[in-house]
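Inspection log for the structure reproduced underneath, given as structure tokens.
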Amino acid sequence: MNLHISKSKNSESFYIAKSYVKANGSTTSTIIRKLGTLDQLIAEHGPTRDDVLAWAKQEVNIETEKYKKEKEAKTVLIPFHADRQLDYGKQVFFRGGYLFLQSVYYQMHIDKICRKLKLKYKFKYDINAILSDLVYARILEPSSKRSSFKAASEFLEKPSYGLHDVYRALDVLGNECDLIQAEAYKNSRFLGPKNDKVLYYDCSNYYFEVEQEDGSKKYGKSKEHRPNPIIQMGLFMDGDGIPLAFSLFPGNANEQTSLKPLEKKVLGEFGCQKFIYCSDAGLGPEDIRAYNHMGERAYIVTQSIKKLKKEEKEWALDGEGFKRVSDDKPVDITRLPADDKGLYYKDEPYTTKKLHQRLIVTYSPKYALYQKAIRDRQVERAQKMLDSGNTKKNRKNPNDPARFIGTTAATKEGEAADIRHYLDEDNIGEESRYDGLYAVCTDLLDDEVSDILKVSEGRWQTEKCFRIMKTDFSARPVFLQNENRIKAHFLVCYLALTVYRLLEKKLGSKYTCGELLEALKAINFVEVQEQGFMPTYRREAVTDDLHEACGFRTDYQFITKRKMKTIQKKSKGRE
């Protein structure tokens, strides 16, 4: 232990610090206890700075002796009795994986946001404890609010509230959804700089286990192709794949109408003014492009080649004029070997009624092979449909194999004849013209093509976010009925996703979602004779990285109760 003195322009602070060697061999130190500022300590231990210094050194010696005694007590002997029954109703199993999520939650200062809400509403229950437990449970044990409360009762820190308080808190969280999102985004900067120069936007929907429409629960095109009412979510994500903001809108609404209201909130309440808007073609019609062409904003959106005007489409499908993305060398793509792994492009100005744009068309032989393989399987299925006589088409599915089945009801002479179905080779050939091609539109007229394509490729992370929420966090089906509580449910899912993604980022994105969640769920403890806790999980590289990233360790053979209290404080940034 040593005395650490920090000096600033207006004050001088005294700390007790401990030095230690990290796993990589470097030396660092951590603050054990803050003693106070010089002005505070002079009032208690003065009257001079020398007196304060002498007292502080004495405190360091006391802390050092305490540490030595704890270190000497390396062996813990706990008696067990083979003839003694378990204590009735006593809990011995505790979940500990939430501690690592708690570290991120408190670094985002969400507890301070909750403190503002408590001052505003004057309620008596601890809304921070409720919200944090709901977030942790959504990641570790996604289920209903009642089951989440039960799961939280197995955490090392038990709930200080009742189940009825959870439902009351949902009403407040729903009312303050926009405020919490904006504050959480601003506070997330405490974990490192935000990559908000690029904002990705996408929409998805979630179904309800009900049959009747009500409020925002409307019948629409479900992503799961279910017949239930749905609600839709629009999600903004930054360039690192961290959620930034979300909004909810009715299940029967056009998803394009959701963009501008949410983007106005991002511009106003979140303080984001200069960014590149990036989305797929469905969320990039001309009016949305024009909206993001204003101010300091720009856009990169995918463009359907099939929907281009005749002249631009013929240019895009022409194999001439392509260059290699890596070095701008001209390439004849018709002569590339089938196993070529390169990426090629050509671009030209693309002017519409409102905008002067840049149309970039890329070609990937690898992507072309993939599309051909998919289509070949669909053609096989179409032939089987012909052979069985089942030629019914699903007009709602653009990938229906029946689209390759043609129909004729006349002879070559034009006379009436029986309806005949056949494999439409012309349609198959027409689709093959688009194999390997991909297009984007942008108003970044002078930027490098490789940079524009790299930004566009990041859109996959929005799909990942929705997949995590739906599959790993079980955000649907939604069982709540009250509109405000529905909003609170998605706020909890959104915060859980944000906390999880930030934890992923702290770990350097080394682990898959499955690997990281499995590790967090396995970090549990057994209480031993009220003396302390014994970990029940297996120490692995992922657990070492979690401890290193969050600044505390739980991977000891035995952890005293006092030590566990210290770990809990460290996870909240209070030690």
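Sequential numbering from 1 along the given sequence is applied to the chain's residues. The model shown is predicted, which means the values in this text are computed figures rather than measured ones.
Residues Asp472 and Tyr500 have side chains that never bring a donor and an acceptor to within less than 3.5 angstrom of each other. Between the side chains of Tyr185 and Gln181, no donor-acceptor pair of N or O atoms lies under 3.5 Å. Side-chain contact check for Gln273 and Arg297: no donor-acceptor pair (N or O, by modelled atom type) lies under 3.5 Å. Looking only at atom types and distance, the side chain of Arg574 has no donor-acceptor partner in the side chain of Gln568 under 3.5 Å away. Checked by atom type, the side-chain pair Glu157/Gln102 shows a donor-acceptor distance below 3.5 Å. Residues Asp387 and Gln383 bring a donor and an acceptor atom of their side chains to less than 3.5 Å of each other. Side chains of Asp133 and Tyr161: a donor-acceptor N/O pair is present below 3.5 angstrom, by distance only. Donor-acceptor pairing under 3.5 Å is lacking for the side chains of Ser509 and Glu504.
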Report the C-alpha separation of Phe275 and Glu263 in whole Å, then their side-chain angles, then the decisive distance to 0.1 Å, and conclude whether the side chain to side chain contact (heavy atoms under 4.5 Å, CB included) test is met.
CA-CA 11 Å; Phe275 58 82; Glu263 189 167 340; 3.5 Å; yes
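The neighbour count for Lys464 NZ, taken as heavy atoms of other residues, nucleotides or ligands under 6.0 Å away, is above 12. Other residues, nucleotides and ligands contribute over 12 non-hydrogen atoms within 6.0 Å of the CD atom of Gln91. In the displayed structure, His293 atom NE2 is contacted under 6.0 Å by at most 12 heavy atoms of other residues, nucleotides or ligands. Residue Lys521 places its NZ atom among more than 12 non-hydrogen atoms of other residues, nucleotides or ligands, all under 6.0 Å distant. No more than 12 heavy atoms of other residues, nucleotides or ligands shown are found within 6.0 angstrom of CD on Glu518. Within a 6.0 Å radius of NZ in Lys260, other residues, nucleotides and ligands contribute more than 12 heavy atoms. Heavy-atom contacts from other residues, nucleotides or ligands closer than 6.0 Å to CZ of Arg189 number more than 12. Counting heavy-atom neighbours within 6.0 Å of Lys150 NZ, excluding the residue itself, gives a total of 12 or less.
Checked against the 6.0 Å centroid criterion, the rings of Tyr291 and Tyr299 do not qualify as a close aromatic pair. For Phe94 and Phe525, the distance between ring centers is not under 6.0 angstrom.
The side-chain tip of Arg226 points at the ring of Tyr207 from less than 6.0 angstrom away and within 45° of straight on. Seen from the ring of Phe208, Lys217 counts as a face-on cation partner, given the 6.0 Å and 45° thresholds. In this structure, Lys306 satisfies the cation-pi test against Tyr434, with its NZ or CZ atom closer than 6.0 Å to the six-membered ring centre and inside 45 degrees of the ring normal. With Tyr206 as the aromatic partner, Lys470 meets the cation-pi criteria of under 6.0 angstrom to the ring centre and within 45 degrees of the ring axis.
The only option from Lys506, Lys197, Lys505 that meets the salt bridge (charged side-chain N to carboxylate O under 4.0 Å, His left out) definition with Asp240 turns out to be Lys505.
Listed by first and then second residue, the side-chain hydrogen bond (donor to acceptor under 3.5 Å, both in side chains) pairs involving residues 119-128 are Tyr105-Asn128, Tyr106-Asn128, Lys120-Glu176, Tyr121-Glu176 (not counting sequence neighbours). Listed by first and then second residue, the side-chain hydrogen bond (donor to acceptor under 3.5 Å, both in side chains) pairs involving residues 246-255 amount to none (not counting sequence neighbours).
The existence of a salt bridge linking Asp165 and Arg168 is confirmed by a sub-4.0 Å separation between a basic side-chain nitrogen and an acidic carboxylate oxygen.
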